[in-house]
*Asks:* 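Quick one: the structure is below, questions incoming.
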Amino acid sequence: MTEKMTCYYDAEHKLINIGEWDYMKYPIYDNDGFIEEIVDGNPLPDGAYSKKMYVVLNEDGSRAVVDL
């Protein structure tokens, strides 16, 4: 079965992730214990981009982009 999913590619157009990107956001607290800002612990690499692609689920549970 195929479905459209967000796929991420690096600046050289190589697939780096299938599915939503995990930015690993975490809070930075001020001296009073209040959240000062939320930062990305895992930002997208420079030049990376996303697009919706058809993806198939393989027998081993992995996913692969398919060219329809």
Side-chain angles (χ1 to χ4, degrees):
M1 178 170 86
T2 60
E3 64 177 300
K4 269 197 161 183
M5 296 183 73
T6 303
C7 296
Y8 290 85
Y9 294 83
D10 66 12
E12 287 79 38
H13 313 293
K14 294 179 184 169
L15 181 67
I16 57 173
N17 192 68
I18 296 175
E20 292 305 315
W21 189 263
D22 183 0
Y23 287 94
M24 296 182 190
K25 294 184 180 289
Y26 62 92
I28 301 294
Y29 296 94
D30 65 15
N31 292 335
D32 296 319
F34 294 100
I35 295 176
E36 193 171 86
E37 65 179 310
I38 305 290
V39 296
D40 291 339
N42 184 35
L44 281 174
D46 288 340
Y49 61 96
S50 67
K51 60 183 177 177
K52 293 280 189 177
M53 301 292 293
Y54 284 102
V55 174
V56 64
L57 184 63
N58 297 317
E59 288 182 15
D60 65 0
S62 64
R63 294 182 175 130
V65 173
V66 293
D67 188 16
L68 297 178

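We count residues from 1, following the sequence as given. What's counted below: heavy atoms across the whole structure, side chains too, no hydrogens, waters or symmetry copies. Note that this is a predicted model, so its numbers are computed, not measured.
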*Asks:* Out of curiosity, does W21 fall in the hydrophobic cluster containing L15 (side-chain heavy atoms, cut-off under 4.5 Å, transitive links)?
*Replies:*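 No, it is not one cluster - the side chains of L15 and W21 are not joined through contacts under 4.5 Å.
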
*Asks:* Could you tell me which non-hydrogen atom of M53 sits nearest to which non-hydrogen atom of C7, and how far apart they are?
*Replies:*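 Answer, listing the atom of M53 first, then C7: CB-SG, 3.7 Å.
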
*Asks:* So which heavy atom on P43 is nearest to which on Y23, and how close?
*Replies:*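 For P43 versus Y23, the nearest heavy atoms are CA-CD2, 4.3 Å.
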
*Asks:* Could you tell me which non-hydrogen atom of K52 sits nearest to which non-hydrogen atom of T6, and how far apart they are?
*Replies:*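 Looking at all heavy atoms of both residues, the closest pair is NZ-OG1, 3.3 Å.
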
*Asks:* Does one hydrophobic cluster hold both M5 and Y9, with members joined at side-chain heavy-atom distances below 4.5 Å?
*Replies:*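 They do share one cluster, since a chain of ILVMFWY contacts under 4.5 Å joins M5 to Y9.
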
*Asks:* Please find the pair of heavy atoms, one from N42 and one from D22, that lie closest to each other, and give the distance.
*Replies:*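 Closest approach of N42 to D22, heavy atoms only: ND2-O, 2.8 Å.
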
*Asks:* Rounded to the nearest 0.5 Å, how far does CG of N17 lie from CG of D10?
*Replies:*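 Atom-to-atom, D10:CG and N17:CG are 11.5 Å apart.
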
*Asks:* Are V55 and I16 connected, step by step, through hydrophobic side chains (Ile, Leu, Val, Met, Phe, Trp, Tyr) whose heavy atoms are closer than 4.5 Å?
*Replies:*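 They do not share one cluster, since no chain of ILVMFWY contacts under 4.5 Å joins V55 to I16.
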
*Asks:* Can you give me the closest heavy-atom contact between L57 and R63, atom names plus distance?
*Replies:*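 In terms of heavy atoms, the two residues are closest at CD1-CG, 4.1 Å.
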
*Asks:* Quick check: is Y54 connected to V56 through a chain of hydrophobic side chains (ILVMFWY, heavy atoms under 4.5 Å apart)?
*Replies:*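 Yes.
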
*Asks:* Sequence neighbours left out, cut at 3.5 Å: what donor-acceptor pairs do the side chains of residues 27-41 make with other protein atoms?
*Replies:*
residue: D30; atom: OD1; partner: D32; partner atom: N; Å: 2.9
residue: D30; atom: OD1; partner: G33; partner atom: N; Å: 3.1
residue: D30; atom: OD1; partner: F34; partner atom: N; Å: 2.9
residue: D40; atom: OD1; partner: K25; partner atom: NZ; Å: 2.6

